[in-house]
Amino acid sequence: MNDLELKFYDSKKGCKTVFQPSDPGRVKLYSCGPTVYNHSHIGNIRSYLFVDVLRRSLKLFGYVPDQTMNITDIDDKIIRESIANKVSIEEFTQPWTEKFFKDLNTLNIEKVEHYPKATESIDEMIHMIQKLQENGLVYEKDGNLYYSVEKFSDYGQLSKVDTSGMISGARYDADEYEKDNVRDFVLWKAPKEPGEKFWETAIGKGRPGWHLECSAMIRSIYSSGVDIHTGGIDLLFPHHENEIAQTRGAYPEEEFVRYWLHCEHLLVDGAKMSKSKGNFYILDDIIAQGYNWKEVRFVMLSFHYRTKLNFSFERLREARISIERIQNSLNRLIESIKKDIPEYDFSVYCSLTKEENQESVIKKITNLQPSTIAKAFYHDFMEGLSDDLNTPKALASVFESIKSINSLIDKEELKTSEKEDILYFFFQLNCLLGLLDFETILDSASVSEDDAKIVSLIEERKSAKKDKDFARADAIRDELKALGIIVEDTKDGSVKWKRIQ
Ligand code: AMP
Ligand code: ZN
C-alpha cells in the first residue's frame with residue numbers, strides 16, 4: 001500500500017493541505033478548458049499539461065478520476081470573429097476545437113471523461129439563472145441580466161479581493177476584468193450586433209456570460225460540486241470567484257469545490273504568453289523548428305506548476321538530454337535482462353504501456369516488498385509527487401535512481417528478479433511522464449490480447465504463494481496453462497514463463 005499522503009496547495013485556504021476526496025472511489029475533477037477561437041499557445045498547453053499531471057498523479061495514488069474539461073465555444077471573441085468571417089459560430093469553432101484535441105493527442109495528454117460545450121449546456125445555464133433570480137441576486141439593465149455581487153456576502157473568499165470600495169450597481173459586460181475593479185458581472189447578454197448568435201429562452205433572448213458555463217456544467221455533471229477545480233492563475237479572479245458566487249448563490253446549502261488548484265503562467269522574456277500580446281508560440285511552430293512533443297512535455301513537467309516558467313528553446317534542448325538519460329537507462333536494463341536470460345519473453349510487458357493497464361502496473365509496484373530496491377526508487381518518486389505535485393523534486397529523485405541503476409548494472413549486482421521490479425518502476429514512472437519508449441525495445445510483434453490478463457494472473461499467483469494459499473496458486477497455474485502459458489518458479493524468486501509451442 002501507499003503510505004504517502006497526497007497534499008495540494010489549495011488557493012482558497014492559502015496553504016498545503018492533505019487531499020481527502022468526498023468519495024475515494026471517484027475523484028470529481030473540473031478544469032477550465034479552452035476558448036476555441038484560435039490555436040492553443042504553449043502557455044495554454046502548460047495549463048492542460050498541469051491537468052494531465054494531476055490526473056495521472058491521482059491515478060498513481062490509487063484514485064479513479066471522473067474529470068471534466070469544458071469547451072468554451074461562445075464568447076465575445078468568438079462572436080466577433082465569426083461575424084468578421086461571415087460564418088456561424090459552429091462553423092467557426094469546429095476546426096479550432098479539433099485542433100485543440102489534436103494538440104492534446106500529440107502531447108500524449110490523457111483524454112478525460114467529459115468535454116461539455118457551452119453551446120450544448122444552455123438549458124442548465126438558464127436553470128441556474130432562474131435559481132439566482134428566485135434568490136434575489138439578479139437584476140436587469142438594457143436587456144442584460146447581471147449578478148448583484150454585493151448581495152453575496154461570501155464574495156472575495158477565494159481571491160481575497162477587497163469588496164469594500166465596490167460601487168453598488170457598477171457593472172461589467174465584458175468577460176474579463178481586473179482585480180482592483182470589483183463589479184457586477186453579466187449572466188445573460190441580450191444581442192446587440194446584427195448577426196449575433198442568441199437563444200430564445202424563458203429568461204429572454206440572448207446568450208450566456210462566460211462565467212456561467214462552468215457553474216452550470218459542474219451542477220449538471222456532478223449534481224453537488226467537485227473535489228478539485230483547476231485553472232490557470234489568471235482565472236482565479238474574476239472567473240472562479242464568479243463561479244463560486246453563481247453556484248453558492250443558487251444553491252447555498254451545497255459545497256461547490258473542495259480544493260482549488262491554480263497553475264502559474266508560462267512567460268516569454270518575462271511576460272505572460274498571450275494571444276492579445278502577440279508573444280506566443282504554438283506547438284506546430286516548435287515542432288517545425290525541429291523539436292519534438294516529448295521535449296515540450298518534459299519542460300513543462302520539470303517545473304512545479306505553481307512557479308512561473310520562462311520559456312526558451314534552450315530548455316527544450318536540455319529536455320532532450322534529460323529524456324535520453326532516462327531512456328538509455330531503461331534500454332540498458334532491458335539489455336541486461338536479455339543478457340541474463342536470452343530467451344526472456346518481453347511481449348507480456350508491451351500491453352502495460354496502455355492506459356487501461358496502468359492500474360496493474362501501479363498495483364504491482366505498490367505491492368513490492370519495502371526492502372526491494374525498486375520500491376525505494378518508487379517511494380522517492382512518489383514522495384516528490386505527494387508534495388503538491390512537485391514534479392521537479394520527483395524528477396530529481398528519478399535521476400538519482402537512474403545513477404544507481406546504471407551503476408548496479410555496470411557492477412552486475414542485480415538479480416534478474418530485481419531487474420524485473422525495476423522495469424516496473426520505469427512503467428510506473430511512465431504513467432506520469434508518458435514519454436518513454438517501450439514498444440521498440442520490447443519487440444511488440446508478439447503482443448496478444450491476453451497479455452494483460454497473463455500479467456495479472458502471474459502477479460496474483462505470486463501473492464497467493466506469498467500468502468501460502470497454494471490451492472489458489474495451483475488453480476492459477478492451471479488457468480494460465482489453459483491460456484497456453486507455462487510458469488516456472490526460479491531459485492532467485494522470479495517467475496519465468498513461456499508460451500506452449
Ligand atoms: P483560454 O483558452 O484563454 O480560455 O485559456 C485556457 C487555459 O489556459 C486557462 O486555464 C488559462 O488560465 C490558461 N492560460 C492562458 N495563458 C496562459 C499562460 N501564459 N500560461 C499558463 N496558462 C495560461
Ligand atoms: Zn471555468
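Values below: every heavy atom of this structure, side chains too, minus hydrogens, waters and symmetry copies. Ligands are counted one by one from 1 in listed order, and the atoms in each one are counted from 1 as well.
- Considering the Zn ion (ligand 2) as centre, the angle to NE2 of His239 and to OE2 of Glu243 is 80° (10° rounding).
- The protein heavy atom nearest to atom 23 (C) of ligand 1 is Gly43 O, 3.5 Å.
- Aromatic pair Phe298/Phe303: ring centres not closer than 6.0 Å.
- Under the 6.0 Å cut-off for aromatic ring centres, Phe427 and Phe438 qualify, their centroids lying closer than that.
- Shown in contact with Pro34 at under 4.0 Å from a heavy atom are these atoms of ligand 1, numbered in order with element: 2 (O).
- A cation-pi arrangement is found for Arg306 relative to Tyr9, the charged atom lying closer than 6.0 Å to the ring centre and inside a 45° cone about the ring normal.
- Taking every heavy atom of Leu235 and a limit of under 4.0 angstrom, the matching atoms of ligand 1 come to 9 (C), 10 (O), 12 (O).
- Residue Met273 places at least one N or O, backbone or side chain, under 3.5 Å from an N or O of ligand 1.
- Applying the 4.0 Å criterion to heavy atoms of Asp234 picks out, from ligand 1, the atoms 11 (C), 12 (O).
- A salt bridge is absent between Asp10 and Arg258; no separation between the charged side-chain nitrogens and carboxylate oxygens falls under 4.0 Å.
- Ranking protein heavy atoms by distance to atom 10 (O) of ligand 1, first place goes to Gly232 N, 3.1 Å.
- Between Asn44 and ligand 1, a contact under 3.5 Å exists for at least one N or O pair.
- Each of the atoms 6 (C) of ligand 1 lies under 4.0 Å from some heavy atom of Tyr48.
- Taking the six-membered ring where tryptophan is involved, the planes of Phe280 and His41 are tilted, since the angle between them lies from 30° to 60°.
- Salt-bridge annotation for Lys294 and Glu324: absent, with no side-chain N of the basic residue lying under 4.0 Å from a carboxylate O of the acidic one.
- Within ligand 1, the atoms closer than 4.0 Å to a non-hydrogen atom of Glu264 are 21 (C), numbered from 1 in the order shown.
- In terms of N/O distances under 3.5 Å, ligand 1 is not approached by Gly231.
- Close approach of ligand 1 to Gly33 (heavy-atom distance below 4.0 Å) involves ligand atoms 4 (O), 6 (C).
- Scanning the protein for heavy atoms near atom 4 (O) of ligand 1, the closest one is Thr35 OG1, 3.0 Å.
- When hydrogens are left out, the protein atom nearest atom 17 (C) of ligand 1 is His265 CD2, 3.6 Å; that is the closest non-hydrogen contact.
- Of the protein's non-hydrogen atoms, the one nearest atom 7 (C) of ligand 1 is Ser47 OG, 3.5 Å.
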